[in-house]
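Down below is the structure, laid out as structure tokens.
The chains referred to below are lettered A, B, ... by the order of the sequence lines, with proteins before strands, and numbering in each begins at 1.
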There are 2 protein chains.
Amino acid sequence: MLCDLAELFKLFGDSTRCKILYVLSEGECSVSDIADVLSMTQSAISHQLRLLRQSRLVRCHRIGKTMLYALADEHVQTILKMGMDHISE
Amino acid sequence: MLCDLAELFKLFGDSTRCKILYVLSEGECSVSDIADVLSMTQSAISHQLRLLRQSRLVRCHRIGKTMLYALADEHVQTILKMGMDHISE
DNA sequence: TAAACACATGAACAATTATTCATATGAAAG
DNA sequence: CTTTCATATGAATAATTGTTCATGTGTTTA
């Protein structure tokens, strides 16, 4: 149980993944757009998206050739916001 | 900013530290008591407590020979609880 | 069907990090 | 003052993990 909790927080505990989640908190986005915004390779982003997908923190659906990613639910956004609150205190 | 956020979550993203924080959420505790509860060495616990202290997630004060640790503020407990809520859904 | 585009993924490397072992510090008891 | 108890810490090791490179899969367009 507490191990599962650690696994959850571990996903938020990487700056790349935090940035991805933040970008997605502003709306759906494709893989290459995320890569552009973060100035990182498509591969690096795709690898991280896979982890986020596997833990159901993001969901995705295909539109033609592109995949659109989004936050899985409100919970993820809440965790992000609450972390930010803690930072800026 | 998002990097600071990742650094914060990184601290929750380790099962040992999660367990330590959980134990402390039930009240003040000494280093050796934490080590006993988690069946880990005093040294391992002490190293982790140092990280938690440096990030002000826990505070401590000395009573004689023993050091009593506690959660730094309500915020830490809230983060823990919110993570748990997410797990059990 | 072949080429182009968007994304996924396996393997390898580099960097980070949790634990152990040995030892140091600091307080209390004798 | 010396010993003992509780904790802290430096160095080393082992394990985890993020990124890169090369390549594979799936979809559209010519």
Side-chain angles (χ1 to χ4, degrees), chain A residues 2-24 27-72 80, chain B residues 2-24 27-72 80:
Chain A
L2 285 164
C3 287
D4 293 340
L5 190 60
E7 290 305 312
L8 172 66
F9 284 128
K10 200 172 289 184
L11 286 162
F12 289 87
D14 172 76
S15 64
T16 297
R17 286 191 295 268
C18 259
K19 289 172 188 169
I20 291 175
L21 292 172
Y22 180 74
V23 170
L24 294 183
E28 274 191 339
C29 202
S30 73
V31 179
S32 52
D33 281 354
I34 298 174
D36 285 349
V37 171
L38 303 192
S39 300
M40 293 181 64
T41 66
Q42 172 266 320
S43 181
I45 300 300
S46 201
H47 275 295
Q48 298 303 338
L49 282 172
R50 190 156 82 102
L51 295 178
L52 295 173
R53 233 181 341 173
Q54 287 172 342
S55 302
R56 306 196 179 284
L57 293 184
V58 303
R59 56 181 166 72
C60 61
H61 62 112
R62 182 184 283 280
I63 299 287
K65 280 178 290 191
T66 82
M67 288 290 253
L68 288 182
Y69 279 81
L71 297 188
L80 275 178
Chain B
L2 285 164
C3 288
D4 292 341
L5 191 60
E7 290 305 313
L8 172 67
F9 284 127
K10 199 172 289 185
L11 286 162
F12 288 86
D14 172 77
S15 64
T16 297
R17 286 191 294 269
C18 258
K19 289 171 187 169
I20 291 176
L21 292 172
Y22 180 75
V23 170
L24 294 184
E28 274 191 339
C29 202
S30 73
V31 179
S32 52
D33 282 354
I34 298 174
D36 285 349
V37 171
L38 304 193
S39 300
M40 294 181 63
T41 66
Q42 171 267 319
S43 182
I45 300 301
S46 200
H47 276 295
Q48 298 302 338
L49 282 171
R50 190 156 83 102
L51 296 178
L52 294 172
R53 234 182 340 174
Q54 287 172 343
S55 301
R56 306 197 179 283
L57 293 184
V58 303
R59 56 181 167 71
C60 61
H61 63 112
R62 182 183 284 279
I63 299 287
K65 281 179 289 192
T66 83
M67 288 292 253
L68 288 182
Y69 278 81
L71 297 188
L80 275 179

Of R62(B) and Q48(A), the one whose nearest nucleotide on DNA chain D sits closer to the 5' end is R62(B)

Note to self: Under 4.0 Å, heavy atoms only, any strand: does L51(B) hit a base, just the sugar-phosphate, or nothing?
What the structure shows: sugar-phosphate

So, does the side chain of Q42(B) form a donor-acceptor pair with the base of dA8(D) at under 3.5 Å? yes

With centres under 5.5 Å and planes under 30° as the test, does H47(A) stack with dT9(C)?
yes

Do the ring planes of F12(A) and F9(B) sit parallel (below 30°), tilted (30 to 60°) or perpendicular (above 60°)?
tilted

| said: Classify T41(A) by what it touches in the nucleic acid, base, sugar-phosphate, or nothing, heavy-atom distance under 4.0 Å. | reply: sugar-phosphate

For T66(A), report the nucleic acid contact type (base, sugar-phosphate, nothing); a contact means any heavy atom under 4.0 Å.
sugar-phosphate

Side-chain contact check for R17(A): nearest option of dA27(C), dT9(C), dG18(D) is dG18(D)

Closest of dG18(D), dT7(D), dC7(C) to the D14(A) side chain is dG18(D)

Is there side-chain contact between I34(A) and L24(A), with heavy atoms separated by less than 4.5 Å?
yes

Checklist line | Check: S43(A) side chain, dT9(C) base, donor-acceptor under 3.5 Å | finding: yes

Taken to the nearest whole Å, CD/E7(B) to P/dT16(C) is 11 Å

